[in-house]
Number of protein chains: 2
Amino acid sequence: MRSVDTDDLTTRARIRDAAIARFGRDGFRAGLRAVATDAGVSPALVIHHFGSKDGLRAECDAYVLRSIRDQKAEAMTRWSPLQVIGAIDDAEQYATVFGYVVRAILEGGAVAATFVEGMVADAESYLEEAVASGTVRPSVDPAGRARYLIATSVGMLLVAQLEAEAGRGVSPTVDPAGALREIWRTVLLPGLELMTFGLLTSSDLLDEYRAATDGHATAPP
Amino acid sequence: MRSVDTDDLTTRARIRDAAIARFGRDGFRAGLRAVATDAGVSPALVIHHFGSKDGLRAECDAYVLRSIRDQKAEAMTRWSPLQVIGAIDDAEQYATVFGYVVRAILEGGAVAATFVEGMVADAESYLEEAVASGTVRPSVDPAGRARYLIATSVGMLLVAQLEAEAGRGVSPTVDPAGALREIWRTVLLPGLELMTFGLLTSSDLLDEYRAATDGHATAPP
DNA sequence: CGCGCGGCTGAACGCGCGTTTAGAGTGGTG
DNA sequence: CACCACTCTAAACGCGCGTTCAGCCGCGCG
């Protein structure tokens, strides 16, 4: 995770880091020559080490996923909910990896699916704990709820990134961590409010829907 | 909105429709030659009519935005909330335009921002009405809540599209309406549940957060 | 020492892109 | 008829991409 100042690293690793940064910033449409220049090497050397551009991307994917896995393991054991809320301030630390993930999700691919699925699974187990401990309401469809929460959260992230890009020119060069913190700031309060009180004043809509789909009654809150 | 079977249309319009369909399916990386072939004309003619690929895209953007505006005006006056919930079944009808919008949001650009801002504005006024009529809880930050709801909804859509693509090969060719209906089906119940009851059992988190940011007290539900 | 081998480069190749150019076909107008 | 405006095409151009190729350096080993 430490994206050291390049000098003591293998050339291979330097190229990989440069690629992660460049791909995260400009997307995978970024040229091999740009990556090579960033890393201070010739385009041919990139191919020499990784076989092809796809090979390079695969290595970036793997590295990023590994970084995330390590980071997540630590976070899951160390943090409280409120710490998580505040943790976004540390986002700069993970800015390049974070940017890469956002881009990977935006442009589709292996990391995207793996990442999202991992998040869903984590959310599910975490919610289960929270329900058991009484801080979170039970659900008729815990798995669906976990997926819903993750899909909306990740999606909100994408929208934030896209709006930040739309504000600038055609070529993005948007700081992902900054965009994240920005959206977080504008959205945290409404989000918390919604999570606390819900949106609707009655369960009529829910009842109607459930009546229309099957015969169950709404569990009381 | 009627994407008629191509024959009685101006060649210009035929190219435009082909471009909307092709861009919606494959993204804007799709080649001019592909669009030309779809429309049954030569690549040069596309340039002749629209000046450049960007010109073509601009025309597509404008046309799609106009379609949406018309469609939305009608929907806003005609539909009830429950009808809106069920309206997704009609999605196939607007499949090409819908696909184009999803792609436009995914790849960033003018339509994306306009579309999302329009949705936010609509949501805000709609929520205001609903609050007045007592079906929706008031919020300390109505504008923020509207933005939150739209960002999460749109974002969920993007995630759905991306996951659908990840399931297929590299070249997507995913039916956007189908992907939408799929995600809708798996997500509607958890969503409604969340909107009705909220997620948390107490307002502690919200209180803590608000205490940490300013001095206001939490409004009782 | 000599020799090979891996890291590394500059130059080139082929390809597909958006775009340009020159001109053919066609229909309306003096 | 001659002329023109307009739609439309085939062919080519230039560019940037990913990739290949032939060869240069420097270090460790027999």
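Below, chain A is the first sequence line, B the second, and so on; all start at residue 1. Values in this document were obtained by computation on a predicted structure and should not be read as measured data.
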[X] [atom1] - [N] [atom2] separation (whole Å):
| X | N | atom1 | atom2 | value |
| --- | --- | --- | --- | --- |
| A/Phe50 | C/dG7 | CZ | C1' | 13 Å |
| B/Arg14 | D/dT7 | CZ | P | 14 Å |
| B/Leu45 | D/dC6 | CG | C1' | 11 Å |
| A/Asp54 | D/dC17 | CG | C1' | 13 Å |
| A/His48 | D/dC25 | NE2 | C1' | 14 Å |
| A/Ile47 | D/dG18 | CD1 | P | 8 Å |
| B/His49 | D/dT9 | NE2 | C1' | 12 Å |
| A/Leu32 | D/dT20 | CG | C1' | 13 Å |

Take atom CD of A/Glu128 as the centre, draw a 6.0 Å sphere, and report whether it contains more than 12 heavy atoms from other residues, nucleotides or ligands.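 12 or below, so no.
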Cation-pi, B/Phe50 ring and B/Arg57 (6.0 angstrom, 45 degrees):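 No; the conditions do not both hold, so B/Arg57 does not lie above the ring face of B/Phe50.
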Taking 4.0 Å as the cut-off, does a side-chain nitrogen or oxygen of B/Thr11 come that near to OP1 or OP2 on D/dT7?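 No, no such contact exists.
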Please state whether the rings of A/Tyr100 and A/Phe23 are parallel, tilted or perpendicular, taking 30° and 60° as the class boundaries.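 A/Tyr100 and A/Phe23: tilted rings.
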Both A/Pro43 and A/Arg33 contact DNA chain C. Taking the nearest nucleotide for each, which residue is further toward the 5' end?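 Result of the comparison: A/Pro43.
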Could you check if a side-chain atom of B/Ile15 sits within less than 4.5 angstrom of a side-chain atom of B/Glu59, using non-hydrogen atoms only? no
Looking at the side chain of A/Ala44, which of D/dT20, C/dC8, D/dG18 is the nearest nucleotide?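 Closest nucleotide among those given: D/dT20.
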